[in-house]
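In what follows, a structure is listed as structure tokens, so that the remarks can point back to it.
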Amino acid sequence: MKKFILDFTVVENRRLHDLYSLLILRPCQGTLPDMLPGQFVQVAVDNSKTTYLRRPISINYVDYEQNHLWLLIRKAGDGTAALIEKESGDIVNLVLPLGNSFTVPAPGKKVLLTGGGVGVAPMLYWGKCLKEHGTMPEFLLGARSAGDILELEEFKAIGKVNISTEDGTLGEKGLVTTNSALSQHWDMIYCCGPAPMMKAVAKVARSINAECEVSLENMMACGLGACLCCVENTVKGNVCVCTEGPIFNINSLTWQD
Amino acid sequence: MKKFILDFTVVENRRLHDLYSLLILRPCQGTLPDMLPGQFVQVAVDNSKTTYLRRPISINYVDYEQNHLWLLIRKAGDGTAALIEKESGDIVNLVLPLGNSFTVPAPGKKVLLTGGGVGVAPMLYWGKCLKEHGTMPEFLLGARSAGDILELEEFKAIGKVNISTEDGTLGEKGLVTTNSALSQHWDMIYCCGPAPMMKAVAKVARSINAECEVSLENMMACGLGACLCCVENTVKGNVCVCTEGPIFNINSLTWQD
Amino acid sequence: MARLNVNIGALKLKNPVLTASGTFGYGEEFADFIDLSRLGGFIIKGTTLNHREGNPYPRMVETPSGMLNAVGLQNKGVDYMIEHIYPRIKDAGSEVIVNVSGATVDDYVAVCEKLAPLDAINAIEVNISCPNVKQGGMAFGTSCSGAAEVTRAVRRTYPKTVIVKLSPNVTSIAEIAKAVEAEGADSVSLINTLLGMSIDVERQRPHLSTITGGLSGAAVRPVAVRMVWQVAHAVKIPVVGLGGIMNGRDAIEFMLAGARAIEVGTANFIDPAVTIKIIDYMNDYCERHGVDDINDIVGMI
Amino acid sequence: MARLNVNIGALKLKNPVLTASGTFGYGEEFADFIDLSRLGGFIIKGTTLNHREGNPYPRMVETPSGMLNAVGLQNKGVDYMIEHIYPRIKDAGSEVIVNVSGATVDDYVAVCEKLAPLDAINAIEVNISCPNVKQGGMAFGTSCSGAAEVTRAVRRTYPKTVIVKLSPNVTSIAEIAKAVEAEGADSVSLINTLLGMSIDVERQRPHLSTITGGLSGAAVRPVAVRMVWQVAHAVKIPVVGLGGIMNGRDAIEFMLAGARAIEVGTANFIDPAVTIKIIDYMNDYCERHGVDDINDIVGMI
Ligand SMILES: Cc1cc2nc3c(=O)[nH]c(=O)nc-3n(C[C@H](O)[C@H](O)[C@H](O)COP(=O)(O)OP(=O)(O)OC[C@H]3O[C@@H](n4cnc5c(N)ncnc54)[C@H](O)[C@@H]3O)c2cc1C
Ligand SMILES: Cc1cc2nc3c(=O)[nH]c(=O)nc-3n(C[C@H](O)[C@H](O)[C@H](O)COP(=O)(O)OP(=O)(O)OC[C@H]3O[C@@H](n4cnc5c(N)ncnc54)[C@H](O)[C@@H]3O)c2cc1C
Ligand SMILES: Cc1cc2nc3c(=O)[nH]c(=O)nc-3n(C[C@H](O)[C@H](O)[C@H](O)COP(=O)(O)O)c2cc1C
Ligand SMILES: Cc1cc2nc3c(=O)[nH]c(=O)nc-3n(C[C@H](O)[C@H](O)[C@H](O)COP(=O)(O)O)c2cc1C
Ligand code: FES
Ligand code: FES
């Protein structure tokens, strides 16, 4: 899949919360390149003095009709803090699309897309694509509190949404792994979120005999498979998350704890 | 004179030209500290990735009534380029006031304030102060072209303005040193501009027996007399431009060429 | 653009712009962004005799205007490279240079023997300066005797252009360069990464699995320029300069300091098309300064 | 804030925050911005036996996340300092430490003899690492024998706390530290500046009058942290860490790496009140991590 270095204009910065922004971007010139669900972009952060490298951010949603690319960003440090300060009209430079994508399930399979915190990001575009392919996805979103459940309306527009919050302010109280939705039968579970959450979901998936793919967020320098910094130790040895991932089947990972 | 580290709000960024901006600032809290003409501030440039140290900028004008401080900035490199992008409402952190100031002439003396390019900056506040002290200053502004003659209306409001432009698009054609205003009698000439201009003016001043003070722009790190980076070799040896200057009588400099 | 031609020993480059080993993969990773044939050449990943898994994750952390890495020479070994990668890149249209590493002198020799017959490879860069491996690596690069020993052995084995890559983690890099020159190296390249470290103060543990790692990026440029200048004054062989080159201005800075060619490393991560911009800048610079042959500005300082 | 107390040999500091020589003048320059008595101490300008004019202008240039300087130890000499400056700063309310430089061992000894009787000065920092002077300076700091020689002579002369400031421009800073420890130094501080260089490519000349200069600021921090960690594991005497400390997080990083106290240098230029913010951060950090005595985190890595 051909990669590009492109300037985008910020069409809108939707402040979802103190910590989160949804950036809606449009290419300064031309139309969006082809992108697959699960892929990510490398963002140059021109408005942070202390950010040197690009930052990897998942493709949250692609609206080819409007020529819009959505990035959902959580303030983690200086780089993401600067990104959520971007205003409409600002320019953002991206390298994209990067990485592999989710495996398309066979027709008729029951699939659950689960995300924790900002880990919901890739699930929106994936959900949309699944629906277009005729698979009705169901979602399971988890967060600490109601305010951290992001893009709820957008997810609802695609499929059924189950929610877990740690403080019980929305949906079931507890972690996603204890959500009642997980006690149903699933052929395939897709998961993105903090590592402990993904490991816990992977365990549940194994126990209910579901296939499971997770999206890893290893520290990256290049995002292109050139620097070998982002490696994950897999059954095949060290592989680059930025090229052979970020999506991995849990059976290829060494998470067998 | 007590120095401060203060946040200012940009009240207005007056784009005078591609290369120049007049930033009108107001302290975020409280009133402006006392400042003398000829002094400068050290500006933190928070919106440039490649600018590490503060940048020294002359005090262009102080309006105690409106609580406004004016900085006149010329784009020289990344730091000043970022400063002229500041928008109203933005915050700028300054250390101020720094350095010495111009020598107040005895009553009745004929004084000429001359500036080249952005070197006109300190002359506006100095002209205003002189006028308040009962000395009528006359100005001689020089630049390459009419568009580089800055704040002309403001200078005219204070005293007579003579102009030289290299291309003759405004005032007399040529350098300030050949301006007919210089053939008059002057007791004191104050000058700020590029080093070659100041040296040429110094020569003229000597030849017409006028006292002459110049404002030096040596490279600075601290602006506080702590790092000893900004030294000028004077008749007293190396002295710090940031504390014993930026204003020097030409007789104390080793410019005897 | 003939005015950008430079030679490193017998190696003829169409321009002075190379890419730094470990930062440009095998070139292919950048083929979507740039026309590889426009480069002077590209230096591929550190290659060792046998497959190496490299160090455990985490391997990198950002630092002010730079980054630390602890990759540890992960690669599939020279045989795999020759069989699977070489055929894909040998016709890229610019010089392909192999960066060679080893834990023992015999390792270096064994890799060089395998590389010597490859028609499309006209030069190797001998890495005696990798800070991220326990054995060999930087150990050879931090003493004149160690550097000389590797160079002597490689020189005996490898008939084409030998560039020896020096470590900056030394008291006198000029002394090491002289030792390497005396053993017949055709060129030296510098700098490899500075040994550095960074700690996560909240978790109270190092950011890298190996505790220390190699510092690269703009932050190291002043040190690299100084070392290139020192070495260029100490040896007669051509110097290849690198360390923190982010743009055309920086590249020219190295050439003025004495570099005949330059390598672009970390900057490739920030702008995958930066190398082409540097080549274009060099041309503009020559135009602007009335330079007919870029060799004329090499070592002006 | 008793939990921030640390000792460097016999020197008792109310907190670990010192200022780096040459970046804080004589303290007075910062009195408008901070309460000097809140500092652990401040280390004043490099002081030599005789008046020195320093190097010609230009003496500094900015670099990525750092700066190069070539001040060259401009100062009015130790006698002037004792007569005119000492009386003004001796009652600042925190430890005043004099940074001592010399071109010969005798120079160091002569300065130390003059400083020893001063009641309010309880420690000196012996600078064997200044890259900006032709004689002495870094030359002593780049060999074990040179470093040992100066330390031995100073130790014989100066009865109070002797901190020897090490150069980072060496292959093994731990070896130098051990040599200095063996001669009776009470402490080592590191790092001084890295030797660097920068060129104005349009004017085709160096930015500094001395061509090379000393690199400081955030850019050097990873190198400094690594060296502090290496030295802290090599010697038993307390280590004072510095190099690119910009804020409280950075200060804690050095302490985790093994520094008992830290010095703030270039950061004073960017935020003249940064030292106080660092002290406050240290307190918060201890609070947050349940640390009763900051000595408990020293060298955790
Ligand atoms: C493939 C991929 C997709 C991602 N998608 C998104 C997304 O859609 N939205 C989003 O908000 N974030 C996403 N992230 C995480 C995001 O890249 C990091 O939060 C960001 O790089 C932190 O940069 P910073 O400058 O804000 O913080 P820093 O100051 O660099 O770091 C702050 C904290 O974040 C951690 N961190 C730094 N870099 C990474 C990284 N690459 N991955 C994980 N943690 C990191 C650091 O260890 C530190 O604890 C993704 C990461 C990857 C690898
Ligand atoms: C006391 C004093 C008062 C000043 N007043 C003003 C003013 O009112 N308005 C204004 O626009 N500028 C003023 N300057 C100059 C201004 O400080 C520089 O233009 C600025 O620091 C350049 O920063 P930069 O990041 O834009 O450029 P850089 O990328 O740092 O440098 C670009 C070019 O400017 C030169 N330069 C860098 N720093 C300085 C410096 N301190 N002095 C002179 N040249 C420098 C460099 O050598 C280079 O050629 C003053 C300087 C001093 C010392
Ligand atoms: C991720 C990474 C991997 C590297 N791997 C190698 C290597 O395999 N062999 C080598 O000689 N140098 C290696 N280097 C060092 C670079 O080639 C170069 O010397 C260094 O990064 C300085 O240049 P820069 O500042 O332009 O990046 C590596 C550097 C980085 C950042
Ligand atoms: C302008 C300047 C002058 C300096 N003068 C001295 C000096 O006189 N003696 C000394 O030991 N170190 C001197 N240094 C080095 C600093 O004390 C310190 O070791 C170095 O700057 C690294 O710390 P930093 O990165 O926090 O600045 C000087 C540094 C600078 C920037
Ligand atoms: S981030 Fe460079 S290889 Fe993955
Ligand atoms: S700028 Fe530091 S002493 Fe003048």
Side-chain angles (χ1 to χ4, degrees), chain B residues 1-7 33-34 41-46 48-56 76-80 93-99 195 216-245 253-255, chain D residues 19-34 42 44-46 51-76 132 207-209 213-214 216-219 244 246 265-274 276-277:
Chain B
M1 224 163 166
K2 190 166 156 63
K3 304 182 194 83
F4 301 85
I5 312 172
L6 294 176
D7 277 339
D34 284 338
V41 304
Q42 279 270 71
V43 189
V45 187
D46 60 2
S48 160
K49 275 178 103 78
T50 48
T51 305
Y52 183 62
L53 298 165
R54 288 174 183 265
R55 293 292 187 261
D78 291 355
T80 46
N93 185 272
L94 307 183
V95 175
L96 82 169
L98 303 173
L216 301 187
E217 294 201 348
N218 289 15
M219 301 276 288
M220 295 181 177
C222 70
L224 304 170
C227 74
L228 306 186
C229 286
C230 63
V231 290
E232 180 72 17
N233 188 15
T234 68
V235 293
K236 291 197 296 172
N238 282 332
V239 304
C240 288
V241 169
C242 68
T243 49
E244 308 203 24
L253 298 174
T254 54
W255 282 6
Chain D
T19 62
S21 179
T23 67
F24 203 66
Y26 294 103
E28 308 166 304
E29 294 84 347
F30 291 80
D32 279 351
F33 308 113
I34 63 170
F42 54 96
I44 66 171
K45 260 173 209 172
H51 170 101
R52 284 180 57 99
E53 273 296 294
N55 293 318
Y57 181 85
R59 290 183 176 182
M60 87 101 191
V61 61
E62 192 177 88
T63 66
S65 298
M67 64 178 276
L68 287 166
N69 90 81
V71 172
L73 296 176
Q74 176 179 333
N75 79 106
K76 295 211 159 90
N132 294 323
H207 275 118
L208 299 178
S209 67
S216 66
M246 302 306 291
T266 305
N268 291 303
F269 307 159
I270 295 170
D271 179 1
V274 69
I276 302 301
K277 292 178 189 162

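In this text, all values refer to a predicted model and were calculated from it rather than measured experimentally. Chain A is the first sequence line, chain B the second, and so forth, proteins listed ahead of strands; every chain is numbered from 1.
Of the listed residues B:Leu224, B:Thr50, B:Val95, B:Thr243, the one with more heavy-atom pairs under 4.5 angstrom with chain D than any other is B:Leu224. Note on D:Gly22, D:Pro56, D:Gly66, D:Gly265: by heavy-atom pairs under 4.5 Å with chain B, the leading option is D:Gly66.
Taking CG of B:Asn93 as the start and CD1 of D:Ile270 as the end, the distance is 11.5 Å to the nearest 0.5 Å. Between the CG atom in B:Asn218 and the CZ atom in D:Arg59 there is a gap of 10.5 Å [rounded to 0.5 Å]. The structure places CG of B:Leu53 at 4.5 Å from CD of D:Glu62, a figure rounded to the nearest 0.5 Å. With values rounded to the nearest 0.5 angstrom, B:Ile5 atom CD1 is found 9.5 Å from D:Asp32 atom CG. One distance of note links CZ of B:Arg54 with CG of D:Asp271; it measures 6.5 Å at 0.5 Å rounding.
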Residues D:Tyr57, B:Asn233; criterion side-chain contact (heavy atoms from CB on, under 4.5 Å); working and verdict: CA-CA 8 Å; D:Tyr57 181 85; B:Asn233 188 15; over 6 Å; no
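Using a 4.5 Å cut-off between heavy atoms, B:Ala221 touches chain D through backbone and side chain atoms alike. Contacts of D:Phe33 with chain B are made by side-chain atoms alone, with heavy-atom separations under 4.5 Å and no backbone atom involved. D:Tyr26 does not touch chain B: none of its heavy atoms, backbone or side chain, sits under 4.5 Å away. No part of D:Ala219 comes within reach of chain B, as not one of its non-hydrogen atoms sits under 4.5 angstrom from that chain. Neither the backbone nor the side chain of D:Pro58 comes within contact range of chain B, judged by heavy atoms closer than 4.5 Å. For a residue to count as touching a neighbouring chain, one of its non-hydrogen atoms must lie under 4.5 Å from one of that chain's; by this rule B:Val231 touches chain D with backbone and side chain alike.
For the pair B:Asn238 and D:Gly54, the tightest heavy-atom approach, listed with the atom from each and the gap, is ND2-O, 4.5 Å. In terms of heavy-atom proximity, D:Phe30 sits nearest to B:Ala226 at CE1-CB, 3.6 Å.
Taking the side chain as every heavy atom from C-beta outward, B:Cys227 and D:Asn69 never approach each other to under 4.5 Å. Counting heavy atoms from C-beta outward, B:Cys229 and D:Met67 have side chains that approach closer than 4.5 Å.
Shown here is B:Lys236, whose NZ atom has no more than 12 heavy atoms of other residues, nucleotides or ligands within 6.0 Å.
Of the possible donor and acceptor atoms, none in the side chain of D:Glu53 sits under 3.5 Å from a partner among the backbone N and O of B:Gly237.
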